[in-house]
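Computation of the quantities below employed the complete heavy-atom set of this structure, encompassing side-chain atoms and omitting hydrogens, waters and symmetry-equivalent molecules. In this chain, residues are counted from 1 in sequence order. Atoms within a ligand are numbered from 1 in the order they appear, just like the ligands themselves.
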Amino acid sequence: VGCNLTLYKNKENNLILSRGIKESIVNKGRTCVKGRFGYEYVNSKERLTTPLIKENGKFREATWEEAISYTAKKLKEIKEKYGPDSIGLLGSSRCPNEDNYVLQKFARACIGTNNVDNCARLCHASTVSGLGIALGAGAATNSIEDISDSDVIFIIGSNMSETHPVIAQAVKQHKISSNVKIIVADPRNIAMARLADIYIQHNPGSDVALINGMMNVIIGEGLIKKDFIDARTEGFIEAKTTIEKYDLETASKITGVDKEMIRESALTYGRAKNAMIFYTMGITQHSTGVDNVLSIANLVMMTGNIGRRGSGIMALRGQANVQGACDMGALPNVHPGYQSITDPAIREKFEKAWGVKIPEKVGLPVTEFAEKILSSEMKAVFAMGENPLITEPDINTERKAFEKLEFFAIQEIFLSETAELAHVVFPASAAYEKDGTFVNTERRVQLLNIAKEKPKGTKFDWEIVCEISKAMGYEMNYSNTSEIADEISSLTPSYAGISHERIKKVGIQWPCPDKNHPGTVFLHKDGNFKRANGRGLFSAIEYKPPRELPDENYPFILTTGRILYHYHSRSETKRVKVLNNFVPKNYMEINPVDADKLNVKDKETVKVTSRRGSIEVESKISDRPKKGVVFISFHFKESAANVLTNPVLDPIAKIPEFKVAAVRIEKT
Ligand SMILES: Nc1nc2c(c(=O)[nH]1)N[C@H]1C(S)=C(S)[C@@H](COP(=O)(O)OP(=O)(O)OC[C@H]3O[C@@H](n4cnc5c(=O)[nH]c(N)nc54)[C@H](O)[C@@H]3O)O[C@H]1N2
Ligand SMILES: Nc1nc2c(c(=O)[nH]1)N[C@H]1C(S)=C(S)[C@@H](COP(=O)(O)OP(=O)(O)OC[C@H]3O[C@@H](n4cnc5c(=O)[nH]c(N)nc54)[C@H](O)[C@@H]3O)O[C@H]1N2
Ligand SMILES: [Mo]
C-alpha cells in the first residue's frame, strides 16, 4: 500500500513506536496492525550479523572478505564449467528498487544470464502477462484516492480487509458516506462479503464462467459501450461469440451460483457510471490465471470503465516493493521499465551503458528452477531475501532441489528455512534501516528514509551484490542509492523524470517521462491503451476447470492464502510479540456441514493429505469456506500448506495453482 509512517527509536537503537502520517496522500494517517506493530522484527536478537560459510554440513562464522571471495570463486567456476545459464538469481520484493536494479544488472552484465526473477511470479505474474496482453501495461490502472469517485466497486478474489486493510478502510469509508454498491465474489465468506450489496460465493476456479456469464447479460441487455469498443479496442466480435455460449444456465452450473444473482451483479456493474474492480490472488493464482485476468479486462473494456477517475482495474500488489522489483527488471524477460530482452535496440542501449555484451535468451521463471536443478541444468542459485522453502508450491520437491545445488548463496536478515540450506549466508540490513525507493500498488515511487542504523556487521543488499560482482571482475561502483536511482532513470523511460531529490516529500506515480512531468494518476487516459496500435485487445476466453478437482480419494478442495496477523513465511511476524500472540499456530477452516460429516470437532488435530504429501493441523469450524472447500494459511513451517499445493503452472504466466488442490482429511 505504501503507507507513510513516523518511527521512533530509543537510545539502544531499537524501534519502539510507529504512527501513520496524517498528511500522507496514501494512508492519510491510517495504519494496519502490521504497520503499527510489525517493525519489532528489526530489533530481534536473532538478526544475522556475521557472514556464514557452510563446512562439513555446519555453518561457521566468516569474515566479509572471505565470504565474498569464496562466493565469487564458486560462481565463476560454475559459470565457466556449465555456462552462465546454469545459475539462477532471485531479486526481492522486500528490497528497494536500487537493490533490485543492482541485482538484475549483476545477473545480466556480470554472470551473463536472464535467469532472474522475484516473488511476483507467485503473485501477480498473471496480471503482468494478462493486462500486458489486453492493455499493453501490466500495472494497476488507477489510484487509491479514486475509491471515493466510484459508484460500483467489484471485489473479486481479494481478502482486502486482511491483506490490504488500509485500502479496505477507504472502501468502508466510501460505503458509509455514499450510495456506492459493492459486489464481492469469493468462495470464502470474508469480512468484505458482509459489507457487500451482492455477495457471490462461487466455486474456486470458476471465475471465467462467472465473468463470461455477467458479460453475456451485459451484452443481452444492451449495456455495452459501443462507441468505446469501436473507437478504442479490437477483437470484440470474436470475444462476443465465445461469451454467447455462457448463458445464465451454463454460468450457474459451473459456478454453483444462482442465475438471478449473476444477472443482478451484471446489471449493477453494467449500469455503473464509474465502476472499479479490485482483484488479487483469488484471480491470479490459478493454472488459468492469465485467462482470469483477460476476462476482467474484457468486462472493463466492454463497459468502458477505464481511463478516468473512479474506474479501472486495481490489481492490488502484494509485497511492499513487488511493483518496484518488477519495474526494475528482476524478471527473466524484461529490462527495467518492462523493456523487452529480445528487442535488439533496447539490448544495445543497455550494453552501451553497462559496457558488456548481455544475453538475448529469455531466462527461466523461479517456478521452473526446481525442475531445472533436479534435471542438472541449473547448478547454482543466488538469492536476495526470499524464502522459497516455505512459499513455493510442493515444498518437499523444492527442498530436494535446493539440497542438490552445487552452490547456493543468500542475503538474509534471519537464518530462514531457505538460508539453512545455503553454502554462504550474507547478513543484510532490513527495510527500516535502508534508503532507496519503494513503489506502491498505484505505481507511486516513494523515498524510504533510514529510521534506525543497521546492526553492526550487516551491509546494504546493493553493497553486497556490488562487492561480489567486483570480485568476479565486473565493477559496479556506486557511493549511494541516489546514484543508482539516477542510472535507473537514465535507462528507463517511465522513470526518466524521477530522482530521490524530486520525491523527498511526495512520491510520484510512473510513467513520469521527464523532470517537469507531474506523474500519472491513472493509466490509459480516454482509453488510449499502451499497446503498439493504442487499442485494447479483447480475448475470447473459454472456461477451463482447475487442474486438480476433488475425487473419491481426495474429496475436498484446499484453498490457501493469508491471515491478517502474519506475513508469508513469518520470518518477521513470528518475531513480533503482538502479532504472534494473536495467532501462534496454524489452523484449517472447515465448514460445519463437512466437519459434521467427518465427525471432526473444533480444535481437533486432523491429517490433511494431497498427492504431494501430508500435514497435521488443527481444525477450526467456520462458516467462511463453502461446503467442500477447506482453507489453510501458508504462513507456518509447522503444518506448511505448501507441502500440499499443486505445482502446475499457468502456461503463460508460470504462476502455480495455489488456490485449488484436492485433499483428503482424516482424524488422527
Ligand atoms: N496480513 C497479510 N497481508 C498481506 C500479505 C500477508 O502475507 N499477510 N501478503 C501480501 C501479498 S504478497 C499479497 S500477494 C496480497 C494478497 O492478498 P489477497 O489476494 O487478498 O490474499 P489471499 O489470502 O491470497 O486471498 C485471496 C482471496 O481470494 C479468494 N479466493 C480463493 N480462490 C478463489 C477463486 O477461485 N476465485 C475468487 N474470485 N476468489 C478466490 C480467497 O478466499 C481470498 O479471499 O496480500 C498482501 N498483504
Ligand atoms: N500456498 C500458498 N503459497 C504462496 C501464496 C499463497 O497464496 N498460497 N502466495 C505467494 C505470494 S503472493 C508471495 S508474494 C510469496 C512470498 O514468498 P517469499 O517472498 O518467499 O516470502 P517471505 O516470507 O516474504 O520471504 C522474504 C524473506 O526475505 C527476508 N527479508 C526481509 N527483509 C529483507 C531485506 O531487506 N533484505 C534481505 N536480503 N532479506 C530480507 C525475510 O527474512 C524472509 O525470509 O508466497 C507465495 N506462496
Ligand atoms: Mo504476493
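A salt bridge links D461 with K434: the distance from a Lys NZ or Arg NE/NH1/NH2 to an Asp or Glu carboxylate oxygen falls below 4.0 Å. E433 and R47 are joined by a salt bridge, as a carboxylate oxygen and a charged side-chain nitrogen come within less than 4.0 angstrom of each other. A salt bridge does not link E572 with K34: every distance from a Lys NZ or Arg NE/NH1/NH2 to an Asp or Glu carboxylate oxygen is 4.0 Å or more.
Each of the atoms 35 (O) of ligand 2 lies under 4.0 Å from some heavy atom of A430. Within the listing of ligand 2, atoms 1 (N) sit less than 4.0 angstrom from a heavy atom of T645.
Under 4.0 Å from any atom of ligand 1, one finds heavy atoms of residues K34, C123, I156, G157, S158, N159, E162, T163, H164, A185, D186, P187, R188, I190, H202, P204, G205, D207, T280, M281, G282, H286, G318, Q319, T559, G561, R562, I563, L564, H566, Y567, H568, H635, K659.
Distances between N or O atoms of S92 and those of ligand 2 include no value under 3.5 Å. Taking distance alone, with nitrogen or oxygen atoms compared against 3.5 Å, D461 approaches ligand 2 more closely than that limit. Here's the thing with S416: none of its N/O atoms is less than 3.5 angstrom from an N/O atom of ligand 2.
With a 6.0 Å cutoff to the six-membered ring centre and a 45° limit on the axis angle, R575 counts as a cation-pi contact of F414.
Side-chain atoms of V630 and D594, non-hydrogen and from C-beta on, never get closer than 4.5 Å to each other.
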Does the pair F154 and Y279 meet the rule for a ring-ring contact (aromatic ring centres under 6.0 Å, His included), with working shown? CA-CA 8 Å; F154 184 15; Y279 79 79; over 10 Å; no
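Formation of a donor-acceptor pair under 3.5 Å by the N27 side chain with backbone atoms of C3 is not found in this model. For Q201 (side chain) and P187 (main-chain N/O), a donor-acceptor pair under 3.5 Å exists by modelled atom type.
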